[in-house]
Amino acid sequence: MKFKRSERLVFMTQHLTTHPNQLIPLTYFVDKFTQAKSSISEDIRILKDVFENEGIGTVQTTAGAGGGVTFQPRISDDRAREVVSRFMEVLKMKDRLLPGGYLYMSDIMGNPHMMSDIGELIATMYGDETIDAVVTVATKGISLANAVARKLNVPVAVIRKDNKVTEGSTVSVNYVSGSTRKIETMVLSKRTLKEGSKVLVVDDFLRAGGSITGVINLMEEFSAEVVGVSVLVEAKQVENRRFTDYTSLLKVSEIDEFNQSFLVEEGNCLEYIEERNGKTNP
């Protein structure tokens with residue numbers, strides 16, 4: 001069957017965007033379309049220009065016998081601002097405050113379209129890092145971790161607070177909860193994460209940082225390197241937070257449970273996006 005260039009471009013777009021951060025050999029497309037390598041290379045140049053001009057991502061090619069093409073998702077500065085702005089509008093809706101000053105975000109975490117956009121934003125921030133896995137704590141962070149991992153094309157490691165027989169042999173650490181000040185436990189199966197992995201930690205809400213500190217301590221038991229920490233929302237005015245190197249999409253402050261009110265502002269994620277995009281497009 002003879003494929004038109006327009007047909008090839010549609011297929012290649014779909015294949016590259018559903019296999020992000022994966023080297024696709026040029027021979028795959030050559031064999032698929034029974035086309036000369038020069039024609040496939042020209043197709044890729046067209047996609048590269050469109051993807052980068054439209055802020056979809058970058059397309060990198062590798063020469064040589066084992067050469068191929070890799071698509072790396074990357075949203076533009078303007079698109080990142082749109083995602084954060086829309087997230088802020090949804091978060092500002094009434095009746096989100098829960099006892100203890102927490103926010104109800106289950107509807108957001110369960111919105112696949114919003115999670116996909118946010119996952120792409122976080123993946124853009126850490127796109128230059130070597131990441132072997134995305135790590136989160138069950139259960140609220142799972143949908144966020146899956147969204148980010150999908151864009152990075154890496155597995156997800158879910159830390160739990162209790163031991164399950166289905167997890168097999170596990171490693172556990174105790175940590176002090178930042179909100180309750182109680183000693184709690186977190187557990188991760190030994191099979192979930194390879195020793196020496198480079199990991200990105202994500203979570204939905206950051207207050208004092210006790211649970212994420214526990215995650216970092218647990219990663220040390222796996223000799224894993226935490227290359228980044230990213231949260232959807234952080235409580236802005238928190239003293240004695242145990243770490244400061246993280247990114248957030250939004251910040252909340254002046255929480256008033258009685259009047260069901262709080263202030264929302266942008267986090268530092270847009271600064272990271274602009275810096276990363278600036279390095280890519282000097």
Is any side-chain heavy atom of [X] closer than 4.5 Å to a side-chain heavy atom of [Y]?
X	Y	result
Cys269	Val84	yes
Val231	Asp204	no
Val252	Leu91	yes
Ser85	Met88	no
Lys236	Leu263	no
Lys190	Val171	yes
Val137	Lys161	yes
Thr70	Ile24	no

Verify, without hydrogens or angle tests, whether [X] (side chain) and [Y] (backbone) share a donor-acceptor contact under 3.5 angstrom.
X	Y	result
Thr136	Val202	yes
Ser197	Val199	no
Tyr126	Val229	yes
Gln72	Gly127	yes
Thr17	Thr13	yes
Thr170	Ser189	no
Ser143	Met109	yes
Thr124	Ile75	yes
Asp117	Pro112	no
Asp132	Val154	no

Looking at [atom1] of [X] and [atom2] of [Y], how far apart are the two atoms once the value is rounded to the nearest 0.5 Å?
X	Y	atom1	atom2	result
Asn21	Arg150	CG	CZ	10.5 Å
Leu103	Arg207	CG	CZ	8.5 Å
Asp162	Thr185	CG	OG1	10.0 Å
Ile212	Leu206	CD1	CG	5.0 Å
Arg81	Glu266	CZ	CD	8.5 Å
Leu121	Ser116	CG	OG	11.5 Å

From CA spacing to verdict: salt bridge (charged side-chain N to carboxylate O under 4.0 Å, His left out), Glu89, Arg86: CA-CA 5 Å; Glu89 290 177 5; Arg86 188 161 64 90; over 6 Å; no
Checking [X] now: which residues fulfil salt bridge (Lys or Arg N to Asp or Glu O under 4.0 Å) with it, not counting sequence neighbours?
X	value
Arg96	Asp107
Lys251	none
Arg5	Asp43
Glu271	none

List the steps, then state whether salt bridge (charged side-chain N to carboxylate O under 4.0 Å, His left out) holds for Arg74 with Glu52. CA-CA 9 Å; Arg74 189 194 77 232; Glu52 295 181 1; 5.6 Å; no
Can you list the residues that meet the ring-ring contact (aromatic ring centres under 6.0 Å, His included) rule with [X], with sequence neighbours excluded?
X	answer
Tyr272	none
Phe71	Phe51
His19	His15

Treat each ILVMFWY residue as a node, draw an edge where side-chain heavy atoms are under 4.5 Å apart, and state whether [X] and [Y] are in one component.
X	Y	result
Val59	Val10	no
Met12	Leu23	no
Val134	Val187	no
Leu232	Leu98	yes

Side chain to side chain donor-acceptor pair (under 3.5 Å) contacts in which one or both residues fall within residues 218-233, not counting sequence neighbours: Lys198-Glu225, Ser230-Thr247
Residues 30-41, side-chain donor-acceptor partners within the protein, below 3.5 Å, at least two apart:
unit_1, atom_1, unit_2, atom_2, d
Ser41, OG, Lys37, O, 2.9

Each residue besides Ile142 in its hydrophobic cluster should be listed here, by chain and number; the cluster joins Ile, Leu, Val, Met, Phe, Trp and Tyr at side-chain heavy-atom distances under 4.5 Å. Val156, Val158
Evaluate the side chain to side chain contact (heavy atoms under 4.5 Å, CB included) criterion for residues Arg8 and Phe3: first the C-alpha distance (whole Å), next the side-chain angles of each, then the deciding distance (0.1 Å), finally the verdict. CA-CA 6 Å; Arg8 299 201 304 267; Phe3 288 87; 3.8 Å; yes
Partner residues of Ser106 under the side-chain contact (heavy atoms from CB on, under 4.5 Å) criterion, sequence neighbours left out: Tyr104
Test of understanding: with side-chain contact (heavy atoms from CB on, under 4.5 Å), list the residues that count as partners of Asn259, not counting sequence neighbours. Asp256, Ser261
Check the pair Val69, Leu47 against side chain to side chain contact (heavy atoms under 4.5 Å, CB included), reporting the backbone distance first and the verdict last. CA-CA 11 Å; Val69 56; Leu47 292 180; over 6 Å; no
Going through the checks in order, is the side chain to side chain contact (heavy atoms under 4.5 Å, CB included) test met by Asn174 and Asn217? CA-CA 9 Å; Asn174 294 328; Asn217 292 337; over 6 Å; no
Check step by step if salt bridge (charged side-chain N to carboxylate O under 4.0 Å, His left out) holds for Glu42 and Arg45. CA-CA 5 Å; Glu42 179 60 28; Arg45 279 193 290 271; 2.7 Å; yes
If you count the non-hydrogen atoms of other residues, nucleotides and ligands that lie under 6.0 Å from CD in Glu54, is the total more than 12? no
So for atom NZ, which belongs to Lys48, do other residues, nucleotides or ligands contribute more than 12 heavy atoms lying within a distance under 6.0 Å? yes
Give the intermediate values and the outcome of side chain to side chain contact (heavy atoms under 4.5 Å, CB included) for residues Ile118 and Val148. CA-CA 8 Å; Ile118 290 173; Val148 177; 6.0 Å; no
Derivation of the salt bridge (charged side-chain N to carboxylate O under 4.0 Å, His left out) call for Glu129 and Arg276: CA-CA 11 Å; Glu129 302 285 352; Arg276 196 267 174 177; over 6 Å; no
